[in-house]
Structure formats: C-alpha cells, structure tokens
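Structure, as structure tokens:
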Amino acid sequence: MSDNANQAASQSAKSAGQVLSHDDIRNYAPPEGCLEGKTILVTGAGAGIGRVAALTYARYGATVLLLGRTSSKLEEVYDEIEGSGGQQPAILPMDLEHATYGEMQQLENLINKEFGQLDGVLHNAGILGDLTPLAMYDVTTFAKVMHINATATFMLTQALLPLLKDAAHGSIVFTSSSVGTHPRAFWGAYALSKQAVEGMSDIFTQETQNTTNLRFNCINPGGTRTNMRAHAYPGENPMTLKTPEEIMAGYVCLMSDDSINVRGQVVALQPKE
C-alpha cells in the first residue's frame, strides 16, 4: 500500500470511529505535523528506542520531555532536536530505580507549570536483568528489575494521571516484549515484569475507558538493534535486525489522533510469521 493510501485509510478509520488494526498501526504513514500541539514524555530517552522515539516525535511536531538517568545523553538528544528545528524539548533527569512517588508528583507539578499540558507518555525505560533459571535468580536483581520495569512505571503513570486526564486524547504507551505475552524459560524477572506491564495496561483500560478519553496500549518492538538486545543475544548478528528508526511508525501512530479509538492493545511491531 502506498503512503497516500495508508494515510487515507487511517483518516477514514478515524472518521468512521473504527479501531485501527495492528497492521494499520505497524504500517502507519505519519502525516507531516501529526503530533503538532502535543507534549509527550519519553522515559529512557537517552539511548536506543527511547532516543529515536523522542527524535521522531519531535520531527512530527511534538514538544518532547526527555526523562532519563544520564543527563549527558539527554543533552545530546536535546541538542539534536534543537539542531533539526524541532520544538524546544525539556530535560527531566530521573533515576527510576530510586525516584520516590513524591518526586514523581513534583514532576507532574513541574510539567503543569512549565507546559500546562501532557498529551502522551512513552514508557520505554527498562532493564534486562539476568537470563537464568528462577530457582537461581538473585533476589536483589529480581527486585530491581521488577521495580524499574513495572513498579516505577505504575508510580509514574499514576502521578501523571491528573495532567493526562485533562488532555483531549491522552495516550499512554507501555513497552512490552514477546516474553511478556508468552513467557519463556530463563527470562525470569524481565518476562514477569513485562507480563505485569501488559496487565497494568489492561486494567487501566478497563477502569478508564468509560469515564475518560485516555487510552492505554502496549508496544512489543520485537528484535531491534539495541544494546539490550545485544546483551540478551550476544552471538546474534545485529545487522540482521531492524533499527529503531525502522519501527517508528507504530510509535507515532499510537501517539497520534488517528489512534484515539485504539485501547488496551498489545501491538507487536514485528510479528512472527
């Protein structure tokens, strides 16, 4: 399907109140300026998929809030957005392993004061942990993975809800994984944390779909050329994998108003045949 046909199909589905299919989301052709006027927070924005998502959201007109634990990496993304003529972003240093709920509430107040709105959140930050049998899993590492990948994600979402509820079409996108949907041996805390994220998205959807315009969805990016993937599969040839840039269509779609009727979905961007 051509880019123009994809755009026409997306607009038609939106107008008819239909829900985009997962294929529509994967093959979305973002119209220029489709995120203009939106303020979007990206966690883990300093590297990998988070970095590319932040740059991509900015390219389509969004004001991007860069959240991460390493200020120097966030500054590089900031400079790249400014250098490309995007809306001025903001750097929000936060270590999700140690951040308190009170600090997350302060962050919500800061965003409200400085920007007056929050239209979307991409929960991208996460850690892999150990790939080992659960019977041998280090309990300290287990707790760390579960906290960063699931508990802190919940805390931040809850803290930001007051602003998100005020958005015309607020979108919260969680990052899952194939092992979140179908757990596999030796993936331990990572798989369990992603199961928790998928359940979180489902429950938030059920609890808000009749009372707010919020939508909650999960993205499973699939095998992508990132440092986390390299650690998980050290013997894999990275050149056989798609780059983060090549899977951005789904990330943009779920933040755009073309997806306002998509709720409670787990979208695999690289489904296996």
Is it the case that [X] and [Y] place a side-chain donor and acceptor less than 3.5 Å from each other?
| X | Y | value |
| --- | --- | --- |
| Ser256 | Tyr28 | yes |
| Gln206 | Asp202 | yes |
| Ser21 | Asp24 | yes |

So [Y] and [X], do their side chains get closer than 4.5 Å, heavy atoms only?
| X | Y | value |
| --- | --- | --- |
| Ile219 | Phe174 | no |
| Arg59 | Pro30 | no |
| Glu245 | Leu55 | no |
| Ser259 | Ile25 | no |

How many angstroms lie between [atom1] in [X] and [atom2] in [Y], if you round to the nearest 0.5 Å?
| X | Y | atom1 | atom2 | result |
| --- | --- | --- | --- | --- |
| Ile111 | Leu92 | CD1 | CG | 5.5 Å |
| Leu269 | Asn27 | CG | CG | 10.0 Å |
| Asp79 | Glu75 | CG | CD | 7.5 Å |
| Glu207 | Leu214 | CD | CG | 12.0 Å |
| Glu114 | Thr63 | CD | OG1 | 12.5 Å |
| Ser177 | Glu198 | OG | CD | 8.5 Å |

Side-chain ion pair, Arg51 and Glu80, N-O less than 4.0 Å: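 Salt bridge: yes.
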State whether the side chain of [X] and the backbone N or O of [Y] hold a donor-acceptor pair below 3.5 Å, judged by distance alone.
| X | Y | answer |
| --- | --- | --- |
| Lys194 | Thr175 | yes |
| Thr43 | Asn124 | yes |
| Gln270 | Pro221 | yes |
| Asn217 | Gln265 | yes |
| Asp95 | Arg69 | no |
| Ser171 | Leu254 | yes |
| Glu246 | Thr243 | yes |

Would a single hydrophobic cluster contain both [Y] and [X], if residues Ile, Leu, Val, Met, Phe, Trp and Tyr are joined by side-chain heavy-atom contacts under 4.5 Å?
| X | Y | answer |
| --- | --- | --- |
| Tyr60 | Tyr251 | yes |
| Leu67 | Tyr57 | no |
| Ile172 | Met248 | no |
| Val52 | Ile40 | yes |
| Val252 | Leu118 | no |

What are the two closest heavy atoms between [X] and [Y], and how far apart are they?
| X | Y | value |
| --- | --- | --- |
| Ala90 | Phe115 | CB-CZ, 3.6 Å |
| Ala62 | Gln87 | O-CB, 3.8 Å |
| Ala54 | Ile81 | O-CD1, 4.1 Å |
| Leu20 | Cys253 | CD1-SG, 3.6 Å |
| Ala58 | Val64 | N-CG2, 3.7 Å |
| Gly50 | Val42 | O-CG1, 3.6 Å |

For residues 142-163, dump all side-chain donor-acceptor pairs below 3.5 Å to protein atoms at least two apart in sequence or in another chain.
unit_1 : atom_1 : unit_2 : atom_2 : d
His147 : NE2    : Leu96  : O      : 3.4
Asn149 : OD1    : Ile127 : N      : 2.9
Asn149 : ND2    : Ile127 : O      : 2.9
Asn149 : ND2    : Ser193 : OG     : 3.2
Thr153 : OG1    : Asn149 : O      : 3.1
Thr157 : OG1    : His123 : NE2    : 2.7
Thr157 : OG1    : Thr153 : O      : 2.8
Gln158 : OE1    : Tyr101 : OH     : 2.9

Chi angles and distances behind the side-chain contact (heavy atoms from CB on, under 4.5 Å) call for Asp166, Gln117: CA-CA 8 Å; Asp166 287 340; Gln117 68 184 76; over 6 Å; no
Which residues share a side-chain contact (heavy atoms from CB on, under 4.5 Å) with Ala99, sequence neighbours left out: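 Here the qualifying residues are Met94, Glu103, Met104.
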Audit row: Thr132, Phe186, side-chain contact (heavy atoms from CB on, under 4.5 Å) steps and yes/no: CA-CA 5 Å; Thr132 190; Phe186 310 115; over 6 Å; no
